[in-house]
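First the structure, in the form of structure tokens, and then the observations on it.
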Amino acid sequence: MMLKVENLTLHYGGSQILHGIDMEARVGEVTCVMGNNGMGKTSLLKAIAGTHPRSGGKVTLDGEDLGVLRPEALARKGVAVVPQGRMIFPLLTVTENLQTAFATRPKPHVIPEEVYELFPVLRDMANRRGGDLSGGQQQQLAIARAMIMRPKLLLLDEPTEGIQPNIIQQIGRVIRLLRDRGDLAIVLVEQYFDFAYDLADRVYILKRGAVDVAGMRDDLGRERMKAAVSV
Amino acid sequence: MRRSTVIFIAALAVFVAVITVMAGAGMISTSFVKTLGMTLCLCLAAVAMDLVWGYAGILSLGHMAFFALGGYMIGMWLMYARTEAIVIEALSGQPLPATPEEIRQGIGNQIFGVIGTSDIPWVWGFAHSLPLQLLLVVLVPGVLAGLFAWLAFRSRVTGVYLSILTQAGTLALALHLFQNDSGLRGNNGLSGLQNLPGVSASQDATSLWLFWASALALAAGYLLAAWVVGGKFGSVIRAIRDDEQRVRFLGYPVEGFKLFVFTLTAVIAAIAGALYYPQAGIINPAEMMPIASIYLAVWVAIGGRGRLYGAVIGAAVVSLLSSWFTGGRAPSIPLGFYTIDWVDWWQVLLGLVFVLVTLLAPRGIGGLFK
Amino acid sequence: MTMFRKVVIGAGLALSMGAAQAQTAPEGEPIKIGVLHSLSGTMAISETTLKDTVLMLVDRQNKAGGVLGRPLEAVVVDPASDWPLFAEKARELLTVSDVDVIFGAWTSVSRKSVLPVLEELNGLMFYPVQYEGEESSKNVFYTGAAPNQQAIPAVDYMMEELGVEKFALLGTDYVYPRTTNNILASYLGDKGVAEGDIFVNYTPFGQSDWSKIVADVVALGADGKQVGVISTINGDANIGFYKELAAAGVSAEDLPVIAFSVGEEELSGLDTAHLVGHLAAWNYFESADTPENTAFIEEWHAFTGDANRVTNDPMEATMIGFTMWTQAVEKAGTTDVDAVREAMYGQEVPNLTGGTATMLPNHHLTKPVLIGEIRADGQFDIISQTEPVPGDAWTDFLPDSAVLESDWAELDCGMYNIQTKTCIQQKSNY
Amino acid sequence: MMRFLLLALVLALPAHAQDAAAVLDTYRDQVERPSRTTIAPVIEALATSGDPAAATVLAAWADRRLAVMDDGTFVIMDGDALSDLAGQPVEGEAQPLRPNAGVRGLIASALVPFQLTDPDPAARGAARDAIARNPAPEHLPAIRGALARAADPSLSRLERLLTLRFDPDPAARVAAIESFGADQSMDLRAALNPLLATTRVATLGPPEGNVAREIPVSELGREGAYDLLVSAGLAPARLTRDAAQAALVANIADGQVAGIAVASLNTQAARDDAYSALEAAGTVPPAATEDEVDAALDSATFADVYAEPNADVTDAARAALNGIATRVGAMQAADLALDALSLASIYFLAAIGLAITFGVMRVINMAHGEFIMMGAYTGYAVQQVVPDYTLSLVVALPLAFLVTFAAGVALERLVIRHLYKRPLETLLATFGVSIMLQQLAKNIFGTQARPLTAPDWLSGSLVINDLVQVSMIRVAIFVLALLFLGLYLFIMRRTRLGLEVRAVQQNPTMAASMGISPGRINMLAFGLGSGIAGIAGVAIGLFAQVTSELGQQYIVQSFMTVVVGGVGSIFGTLAGAALIGFLQKGIEWLNPSNTLAAQTYMILFIIIFIQFRPRGIIALKGRAAGD
Amino acid sequence: MSALLEVRGISVSFDGFRAINNLSFAIGAAELRAVIGPNGAGKTTFMDIVTGKTRPDSGDVIFGDPPRSLLRMTEAQIARAGVGRKFQRPTVFEDQTVGANLMMALRAPRNPFAVLRFRATDGHHARVVELAAEVGLADHLHRIAGELSHGQKQWLEIGMLLAQEPRLLLVDEPAAGMTLAEREHTTTLLTRLAQTRAVVVVEHDMEFVRRLDCRVTVLHEGAVLAEGSLDHVTADRQVIDVYLGRG
């Protein structure tokens with residue numbers, strides 16, 4: 001099972017943001033997309049998740065061409081997103097936020113116990129409104145919500161941004177756990193180098209909308225990656 | 001001065017000259033001159049609307065109320081002065097010279113007879129004097145707009161809420177004037193305003209005078225608006241439109257700016273109304289129902305918001321078209337099984353145009369000039 | 001004409017109508033007739049019918065050879081229930097379309113909007129609706145009822161025949177109800193009805209929430225006097241009023257309602273089963289049993305292609321005005337306004353309800369007053385019909401107006417003070 | 001009284017009877033053109049004719065079944081069949097007579113003695129109604145006679161009501177008054193109030209009769225009191241301004257009045273001076289001076305005097321009325337509250353669709369009112385096809401929902417979808433749709449109002465007592481409003497659809513990424529809001545007029561309801577509707593003669609209210625509300 | 001050192017949620033201060049209160065010399081008194097040119113009538129050019145702000161802030177979305193600014209905070225948890241527990 005991106009291009013209005021990206025992400029691996037701000041990481045993620053139309057290239061999931069599907073159709077095909085800024089539903093309760101993930105799931109719609117085990121805070125806050133949660137709690141909620149969708153591909157966009165260190169550690173643990181379960185591919189867009197380096201199996205470093213460095217983390221090595229990111 | 005302003009003023013001057021010559025030569029009718037003069041007033045109101053909505057982002061659904069109030073204020077003098085002349089003449093036939101009470105009684109009877117009273121309500125206290133009543137043309141709508149704006153902006157009512165509030169306020173004012181007890185003749189309104197007191201010239205001449213006055217007012221209003229939006233003030237109000245909170249953190253008293261723009265535009269609208277109704281001949285509360293103000297917004301939208309000439313184009317095009325369609329001279333379209341009569345269908349067309357312009361040309365007709 | 005009705009009922013009829021041709025076509029420059037009725041906006045509900053009536057009359061006249069041997073041509077404009085537009089359109093009709101006469105207006109405001117234009121340009125208009133009086137213009141012929149031809153006889157009927165001692169005057173808040181109610185209050189006062197026995201209420205146009213007002217009126221009966229309602233409620237608002245009346249179980253025996261603005265047209269908007277016995281005062285009812293009326297209704301149905309279209313009082317007034325004008329033009333031999341006006345005085349046209357309408361020098365007609373009781377089928381039973389009553393421009397029941405008289409034939413004045421013997425004004429105040 | 005005696009007399013002596021036909025013949029003119037003022041002798045003659053058919057003839061006459069044939073013969077019509085007055089069938093054509101309501105009332109009154117003992121309960125009911133409508137002294141013995149034969153509680157109540165008015169014995173009347181206790185029915189008050197009717201008199205000595213109270217001059221005012229004296233013929237009229245003026249005019253000589261130039265008489269003061277000059281010259285009689293007025297007023301007494309001569313009766317009546325006054329007041333308040341509640345539920349019903357489209361989706365749909373209108377027209381169109389009112393309602397409600405649901409979906413797909421980021425422009429585009437729909441409705445259904453009739457079970461009133469009642473349609477609307485409140489809460493809080501609607505409203509992009517289709521949800525939600533408007537339209541059409549402008553009546557109020565209540569909260573909308581309804585009725589109660597003013601002040605109050613609670617009664621607070 | 005801004009025991013709650021809990025805080029007239037703390041600790045609410053956007057339920061905010069309370073002042077008055085604020089997301093007026101944006105921010109009378117009469121002098125223009133140069137937008141003066149890149153908008157906003165000449169600068173996550181070079185530039189700028197005025201920086205990036213080399217205040221649950229040098233607070237037991245976590 002794998003995601004394959006070929007020669008993907010993307011424009012914002014008149015300016016081209018992505019110039020022919022090729023990448024792949026495999027089940028049981030964390031594929032990390034790194035690079036400084038404005039290099040196109042988030043745009044790449046949006047193009048895969050269908051929340052921004054791409055202008056060229058091909059995206060296949062398990063060999064199936066995803067064409068130009070809208071995000072809701074992609075979700076049905078097994079793509080889940082934890083976007084930048086969490087994007088939880090502020091006026092829905094925590095439970096309701098989790099329930100939104102059932103849109104692509106067959107009934108019965110029961111929130112799996114596992115979610116609460118990983119994120120106990122969500123049980124405690126079950127009837128609070130999402131917007132009343134702290135940033136870290138919201139991030140946990142967003143990841144839990146994506147998990148409930150039982151995706152084949154999980155896209156995480158800067159899950160550590162603005163989050164206190166202790167929760168970052170917890171998020172890292174959850175990502176590792178999901179990877180180790182081996183039933184989904186994870187694409188992690190991250191700027192926090194140490195966090196990304198710890199989790200990554202496969203690394204793509206973007207520079208001005210193109211892949212600058214690509215390869216397995218262990219092949220590339222910390223120093224080379226650090227150098228590529230720091231420029 | 002910006003190029004568009006110069007072009008506009010020049011075009012207006014040419015237009016006035018052409019119409020004057022044509023009217024003088026009898027090529028166009030007095031009623032058409034009146035229509036054009038009224039259209040110019042509507043254009044001025046649209047300029048005010050563009051200032052308050054297109055530039056300051058306040059979608060007021062009540063500016064036609066100020067327009068109508070301006071009309072009422074001037075209408076009171078027109079009606080009072082004309083009636084006074086009639087009454088004095090009628091009483092001059094009596095054996096005893098008329099007393100001031102008799103004259104007042106006679107005026108009251110003439111004006112308010114239709115609503116069954118002959119007492120002159122207090123709101124007519126200044127109606128005998130043209131200068132005072134002219135002052136009221138500016139003061140009454142200005143104070144009312146200022147009061148409303150102060151209340152609304154102070155409590156930070158914005159966006160849709162403000163629009164609905166202005167609409168409700170307009171409705172309240174209209175309903176108030178619909179009552180006979182309002183002192184402004186209720187549903188009857190003020191009529192016969194086209195006869196200027198003390199002027200014996202024919203309607204052909206007076207229509208032309210009012211047409212000139214309207215053109216002058218439009219030019220002045222346009223220049224004023226262009227001056228206001230041209231400088232830093234314009235910069236600030238557009239900034240308020242785009243991000244009010246940010247402007248506050250820049251240290252600008254946002255409420256003061258909005259209040260100023262709202263009141264200024266209300267006064268411009270009132271002046272436009274004060275010139276419009278002597279050409280229309282009659283004013284009644286139906287003129288200020290919220291729908292009139294919505295139409296005003298639609299004109300501006302169709303013409304193109306945020307461009308003063310856009311507002312003028314929108315108002316002129318829509319009101320002249322509607323005048324043409326309701327004139328009965330638009331040819332019917334026979335379809336065989338059904339005949340499209342424009343009288344029946346033109347409102348449908350108008351609605352459709354609103355929808356299409358909003359959807360397809362958010363910058364309006366004026367946007368096409370860019 | 002409504003598409004719905006047309007499709008459902010009258011499609012075939014309409015087709016056959018189209019095939020009919022005028023038999024003798026008059027020749028020459030057409031005489032233009034302006035039709036100034038709202039075809040859109042709130043008043044379209046009432047005025048569209050009158051536009052159709054004028055078109056029917058023009059059609060009929062052309063088939064009969066036109067006027068002065070020339071064909072008539074109707075110029076229809078739409079003032080869209082917008083009062084200033086009435087003045088604008090009237091000016092357009094008179095100066096651009098050069099019409100010789102205008103048939104138009106419904107509300108008093110629209111008439112007052114047109115008046116200055118008519119007087120300035122010396123136009124001629126026929127106004128076909130019952131109104132509040134207190135006006136007489138040299139350029140307008142009022143073919144509808146003045147208050148003394150509708151309101152006063154109706155109140156007399158209520159007092160004498162129904163024994164009403166306490167009156168609820170309910171009206172829409174505009175000039176006709178206000179003035180009519182003022183006249184009635186003054187009249188009732190003269191008749192010895194105490195001020196406390198007159199309840200007045202004004203509602204906005206299109207009022208739909210009537211429960212409290214109906215409850216208030218019913219509560220008037222608590223002091224043991226027979227209560228009657230005099231309704232000058234306008235247009236659609238009547239429907240909600242009558243529905244609430246019916247719901248409250250108020251029967252015509254307990255609380256009779258007499259309406260001045262409810263005709264066949266308004267009743268077609270509701271189920272009259274519960275309203276049987278309530279009253280209306282008009283100068284014409286569709287149910288009038290005369291050969292003239294039967295012919296008129298038939299012609300109307302044929303013209304509109306709709307066998308269910310009702311006829312009403314303003315239509316009769318339009319017909320009378322139109323016919324008188326054609327007669328006056330024939331008599332004067334010209335369409336010149338001053339000549340036609342002179343020729344108008346004394347013109348006679350048979351009423352559809354029997355008797356003859358005569359044009360008086362005060363520009364009003366003589367008209368019989370009819371009282372009708374609502375039937376279950378939405379028509380009226382005519383239960384009272386007076387001899388023709390001459391219309392009075394200035395009411396005798398308001399002190400300021402009692403001294404006024406209008407006579408355009410002898411005095412050439414519309415507002416003549418008979419005490420001081422002076423003409424207060426030649427032109428109308430609007 | 002006289003008549004009853006006569007009647008009794010004649011009934012006892014049938015031999016002298018004249019037959020009904022002859023009576024009708026005698027009074028042919030009055031019968032053919034009857035008037036209440038002249039018909040009494042005819043009815044009396046018929047009633048007393050002794051002809052056994054008299055009652056039948058009277059009943060037929062009242063029912064407008066009495067007809068005249070071309071030859072002048074009076075016949076009774078029964079459908080198409082004709083019969084003569086004796087009941088024998090006749091052939092021919094006849095014109096029915098149309099006595100007016102007043103005449104019919106008199107006939108019904110005359111029929112009372114015949115009907116009170118009629119075995120047919122309907123006839124007895126008619127008799128009771130006739131008495132209740134036109135109570136007359138002569139009914140009293142008839143009722144008592146009937147009561148003597150059989151007890152009938154409703155008749156005995158009627159008997160007491162008549163007794164307290166007409167019994168010759170004051171004691172019996174007082175007893176009858178007191179027998180009602182705390183009853184506050186309208187008919188009782190209608191019987192009591194006339195007993196307390198007064199006339200205002202001015203006398204030089206003490207007033208005569210059953211005096212209600214004496215009135216001090218200060219209460220009447222000096223002018224009013226003197227006018228009363230003048231009209232009683234006890235004092236000379238004062239000089240009016242007109243009379244003074246006429247006197248001046250009459251004395252103009254050489255451009256002068258009493259030596260004063262006419263041209264200078266252009267103020268009232270100058271004219272007064274001139275008149276004084278005339279008085280001084282003796283040309284005109286002096287007018288009453290202030291001193292004379294004072295003297296006249298001092299010597300006079302002003303009083304209200306009861307028409308009812310017996311003080312015991314008036315005292316008892318006053319006591320009884322005072323006793324029930326508080327109850328009546330309370331009942332009136334209850335009725336007002338019920339009215340307000342009903343108005344509130346109408347506003348709520350009209351606004352609930354907006355609570356979804358505007359409150360939840362934040363779409364400003366100016367065509368919402370037109371959806372209400374479409375619903376009402378759907379109801380009308382269904383009634384054209386399905387004649388049974390109940391059945392048509394059953395069909396119309398879901399159909400109205402479907403029609404407006406479809407219209408809503410179409411509007412969302414074609415217009416609103418493209419404008420989610422430009423809310424104020426939605427306002428303009430939907431305003432365009434609104435004027436289109438209005439004109440289309442005019443083109444399709446015509447400009448006349450269309451009938452939409454409630455079935456019989458909905459057309460009456462829920463009567464709690466004489467003072468408190470509410471029409472069934474309003475009750476139904478109230479129930480419908482509650483139903484929709486429940487439905488709204490259920491859908492939004494308990495169903496998947498509600499969850500998805502809320503999710504999409506808060507963040508459409510994220511919702512899409514969760515697999516929720518925002519387009520579909522927006523479409524459904526907008527359709528739902530519009531569909532509810534359609535149902536509201538049917539309900540509103542049942543009690544008000546169905547015209548193309550129906551929607552315009554509700555649009556501003558509906559938006560106000562939602563805004564005042566607090567956008568996004570259904571309970572806010574409920575509170576808003578309640579506030580507006582109660583406010584409007586409250587103001588109407590303060591000024592019952594001007595409904596327009598009530599609306600004006602209501603809106604003004606709302607505007608001021610919004611100053612203090614800009615986010616409405618129930619406002620979202622906290623971080624979750626955003627800014 | 002006398003304080004320029006002194007926040008005394010303020011508390012505020014929304015719907016029962018205590019966002020700020022008896023918070024006290026002071027900063028001198030020329031001082032750089034970093035405020036760190038987990039999300040929801042009340043950093044943004046703290047800024048909202050100082051700038052007048054949110055009213056506290058209790059407590060007082062004293063500013064300036066002579067000191068006066070900010071609580072009874074509107075946002076605009078506070079801004080005019082010398083408090084400038086930079087938002088997390090760049091908020092510039094995208095519809096207008098860079099020059100117009102800066103011109104609007106330039107210190108000048110703010111009331112409507114004064115603004116109406118305002119005519120830019122050469123001095124004003126020179127100042128705008130100077131500011132633009134300082135934030136690296138000298139070549140973009142006539143461009144519409146909406147066309148600028150993300151980073152350029154950040155700089156424009158900082159330029160506007162400078163144009164206001166505030167005495168107290170509140171800066172919310174200035175480095176978010178900046179390259180390393182840009183961050184360095186920002187650090188230098190903030191340090192330099194702090195020589196003449198008070199600067200409060202809210203930031204997550206510890207590296208960035210370290211480079212600022214200033215006193216640090218740690219907020220937690222609406223109150224000050226610790227205050228002192230970065231080394232001091234990162235060694236604090238409580239801070240490690242609730243915020244930094246155990247590596």
Side-chain angles (χ1 to χ4, degrees), chain B residues 53 57 59 61 94-102 148 151-152 154-161 163-165 167-176 178-181 186 245 290-291 294-295 297-298 301-302 341 344-360 362, chain D residues 245 248-249 252 257 262-268 270-271 358 362 364 366 414-415 418-419 422-440 442-443 552 556-557 559-560 562-563 567 594 596-597 599-604 606-608 610-615 627:
Chain B
W53 179 36
L59 176 50
L61 297 183
Q94 300 203 353
L96 291 179
T99 64
E101 293 86 35
E102 279 176 333
F148 178 87
L151 281 169
R154 187 186 61 103
S155 53
R156 303 248 170 116
V157 180
T158 53
V160 178
Y161 302 91
S163 302
I164 290 171
L165 208 61
Q167 193 181 16
T170 309
L171 184 63
L173 186 62
L175 290 180
H176 174 69
F178 264 120
Q179 296 172 58
N180 276 11
D181 306 339
Q245 192 62 17
I291 194 158
I294 302 181
Y295 269 110
V298 168
I302 287 183
D341 231 336
D344 287 340
W345 287 94
W346 113 264
Q347 291 255 348
V348 179
L349 181 75
L350 185 69
L352 194 65
V353 168
F354 290 179
V355 175
L356 293 180
V357 166
T358 320
L359 285 181
L360 306 175
Chain D
Q245 195 178 330
L248 293 179
V249 172
I252 295 176
V257 178
V262 167
S264 70
L265 294 180
N266 59 356
T267 62
Q268 194 55 43
R271 291 185 182 181
F358 178 51
R362 307 290 158 98
I364 304 140
M366 296 298 281
L414 295 174
V415 179
H418 310 285
L419 298 172
R422 300 186 272 159
L424 286 178
E425 289 173 37
T426 328
L427 191 155
L428 298 179
T430 50
F431 173 70
V433 173
S434 152
I435 59 175
M436 270 169 81
L437 288 178
Q438 269 187 61
Q439 186 62 44
L440 280 173
K442 283 200 185 97
N443 292 354
Q552 288 305 303
V556 177
Q557 271 90 344
F559 272 107
M560 274 206 309
V562 177
V563 169
V567 177
N594 195 338
L596 207 53
Q599 293 193 1
T600 312
Y601 295 128
M602 188 265 293
I603 297 172
L604 276 185
I606 298 288
I607 291 174
I608 293 167
I610 289 184
Q611 306 308 320
F612 296 102
R613 289 201 74 111
R615 283 167 182 275
D627 205 41

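The model shown is predicted, which means the values in this text are computed figures rather than measured ones. Proteins get letters first, then strands, A, B, ... in listed order; numbering begins at 1 in each.
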query: In Å, rounded to the nearest 0.5 Å, how long is the span from CG of Leu428(D) to CD1 of Ile302(B)?
result: 9.0 Å
message: Quick check for you: among Ala152(B), Gly159(B), Ala172(B), Pro100(B), which has the greatest number of heavy-atom pairs under 4.5 Å with chain D?
response: Ala172(B)
query: Is Arg271(D) salt-bridged to Glu101(B), cutoff N-O under 4.0 Å?
result: no
- line: The interface call for Ala98(B) against chain D, heavy-atom contacts under 4.5 Å, is backbone
- prompt: With only heavy atoms counted, which part of Trp53(B) is less than 4.5 Å from chain D, the side chain, the backbone, both or neither?
  reply: side chain
- request: To the nearest 0.5 Å, tell me how far Thr600(D) OG1 sits from Leu171(B) CG.
  value: 8.0 Å
Which portion of Gln245(D) sits near chain B, non-hydrogen atoms under 4.5 angstrom: both
message: Rounded to the nearest 0.5 Å, what separates atom CD in Gln179(B) from atom CG in Leu596(D)?
response: 5.0 Å
query: Relative to chain B, which segment of Val433(D) carries a heavy atom at a distance below 4.5 Å: side chain, backbone, both, or neither?
result: both
- prompt: Is the shortest heavy-atom distance from the side chain of Tyr161(B) to the side chain of Ile610(D) under 4.5 Å?
  reply: no
field: Pairwise distance CG(Leu173(B)) to CG(Leu604(D)) - rounded to 0.5 angstrom
entry: 8.5 Å
task: Nearest 0.5 Å please: distance from the CG atom of Leu151(B) over to the CZ atom of Phe612(D).
output: 8.0 Å
task: Looking only at non-hydrogen atoms, find the nearest pair between Thr99(B) and Gln268(D) and report the distance.
output: CG2-N, 3.7 Å
field: Most contacts with chain B, counted as non-hydrogen pairs under 4.5 angstrom, among Val257(D), Leu427(D), Leu248(D), Thr267(D)
entry: Thr267(D)
query: Any side-chain heavy atom of Phe431(D) within less than 4.5 Å of one from Val355(B)?
result: no
message: So for Val157(B), is it side chain, backbone, both, or neither that comes closer than 4.5 Å to the heavy atoms of chain D?
response: side chain
query: Can you name the nearest heavy-atom pair linking Ile164(B) to Phe358(D), along with the distance?
result: CD1-CZ, 4.0 Å
Residue part contacting chain B, namely of Leu265(D), when any heavy atom lies under 4.5 Å: both
When Ala301(B), Pro362(B), Ser163(B) are compared by non-hydrogen pairs under 4.5 Å with chain D, the top option: Pro362(B)
- prompt: About how many Å separate CD of Gln347(B) and CG of Asn443(D), when rounded to the nearest 0.5 Å?
  reply: 10.0 Å
- prompt: Below 4.5 Å, heavy atoms only, C-beta onward: do Met366(D) and Ile294(B) meet side chain to side chain?
  reply: yes
statement: Pair count under 4.5 Å, heavy atoms only, with chain D: among Leu96(B), Thr158(B), Leu356(B), highest is Leu96(B)
field: Heavy atoms of other groups near Tyr601(D) OH, more than 12 under 6.0 Å
entry: no
field: Pro97(B) to Ala263(D) - nearest heavy-atom pair and separation
entry: CG-O, 3.6 Å
message: Looking at every non-hydrogen atom in both residues, tell me the closest pair between Met436(D) and Leu352(B) and how far apart they are.
response: SD-N, 3.4 Å
field: Any side-chain heavy-atom pair of Ile607(D) and Phe148(B) under 4.5 Å
entry: yes
